[in-house]
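Step one of this worksheet: look at the structure below.
Order of listing sets the numbers, starting from 1, for every ligand and every atom in it.
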Amino acid sequence: MTSLTQLSQAIHDAPRWHQAEQFQNPEEISIIPLQGEALGAVVFGLDARKAQAGETIYRLKQALAEHLILIFKKQTLDDLQYLAFTSYFGSIFHPSADNPVLATQSDTGTPPDVIPVSNAVGQGDYTGHGELSPHADHQWTPQPSFGSLLYAIELPEDGGQTSWFNTIQAYEALDRDTQKHIDELQLITYNPFVRRQQLQDHDSNGYGTSPLYRFKDQPIIGHAYPHPLVRTHPESGRKALWLNTRSEVELVNYDDQAGSELIASLREHILKPEFRYEHQWEIGDIVFWDNQVTLHSRRPFPSDQRRLLKRISLAGSRPF
Ligand code: OGA
Ligand code: MN
């Protein structure tokens, strides 16, 4: 017999309903929205190693679409258990080699299923220890991931908090005229990893040196996929701003100066504290976020302190 991939092995080995001690009773699970925060709910009583009931996964999917991030506490998973839990929610995000992303491997042209997001050498030093400005993952690809999970294994004493921003609320807080104007616009987000390869730029997060807006006399870096600036959430139908705050973007068929000013003012708007929740990590936390209608950022932390989170990203649709 041929050997299984990591994901197939994970699903093969996962506990099933008939193993009573490994089956999670749905009545033990509660989903509590964060009070006074722009987004987020905490899931109590769920052990992600166990087989889950259909109603539990359905409730979690509904809660994710409503609260945009789900926080699971006190988990202890190996990579196969983590993959098995995550596989209830969709396929792993695997962009093609012509659209490089964080952790794309030179031999396979794709990232591993479980990505070590860490500053420690030998564990996949993909994001260093610096600040990461608010972004959606994989926004420059034709079909960005719908969501990701980060699982905290090792944490620094200081810093390294991750924030999420509710871009539905950011859209809804705009005045009607601005909403109507931007509803029709298409935005290109240029791939920061292509820029990094082409310019031999060793900036640790890939965003540091790119311009914020491409004027038409500037070179085009990598493939360009226009997506709606205002996207619709596939399940809830709610509209959200689909714009990160730092990488190079361009509005399609739009005046350079006016476009760069519009984007700058929308970016400033998104950063308002009322749209943001900052997560103070504890070991064993998993945060599962909807990447379609949120941005996330990270505070820097000292380079001599170790931080390791494991990320799994799930495939999504072309934004609409
Ligand atoms: C990511 C990311 C933030 C963090 O893995 O996509 O942005 O807090 N991580 O490490
Ligand atoms: Mn990210």
Q: Could you check whether the rings of W289 and W164 sit parallel, tilted or perpendicular, using 30° and 60° as the cut-offs?
A: tilted

For [X], the ligand 1 atoms whose distance to one of its heavy atoms is below 4.0 Å:
{"X": "L132", "answer": "3 (C), 7 (O)"}
{"X": "V117", "answer": "5 (O), 10 (O)"}
{"X": "R311", "answer": "1 (C), 5 (O), 6 (O)"}
{"X": "H135", "answer": "7 (O)"}
{"X": "D137", "answer": "6 (O)"}

Quick check: does [X] get an N/O under 3.5 Å from an N/O on ligand 1?
{"X": "T162", "value": "yes"}
{"X": "W289", "value": "no"}
{"X": "H296", "value": "yes"}

(Q) Please say yes or no: joined through hydrophobic side-chain contacts below 4.5 Å, possibly via intermediate residues, are L266 and F275 part of one cluster? (A) no

**Q.** Closest contact, heavy atoms only, D47 versus Q24
**A.** N-OE1, 2.7 Å

**Q.** Within the 6.0 Å centroid threshold, strictly below: H138 and F93
**A.** yes

Q: Please confirm whether F72 and F44 have ring centers closer than 6.0 angstrom.
A: no

Q.
Whether R49 and D78 form a salt bridge (side-chain N of Lys/Arg under 4.0 Å from carboxylate O of Asp/Glu) is what I want to check.
A. no

Q: Just give me the atom name: the N, O or S atom of D137 closest to the Mn ion (ligand 2).
A: OD1

Q: Decide whether R276 and S163 meet the rule of one side-chain donor and one side-chain acceptor closer than 3.5 Å.
A: yes

Q. Cut-off 3.5 Å, side chains only: do D158 and Q305 have a donor facing an acceptor?
A. yes

(Q) With a 4.0 Å cut-off on heavy atoms, is Q161 in contact with ligand 1? (A) no

Q) Which residue supplies the protein heavy atom nearest to atom 10 (O) of ligand 1, what is that atom called, and how far is it? A) R307 NH1, 2.8 Å

Q) Does Q35 CD have over 12 foreign heavy atoms under 6.0 Å away? A) no

Q: With heavy atoms only and a cut-off of under 4.0 Å, state how T127 meets ligand 1: side chain, backbone, both or neither.
A: neither

Q) Backbone, side chain, both or neither: what part of L150 comes under 4.0 angstrom of ligand 1, heavy atoms only? A) side chain

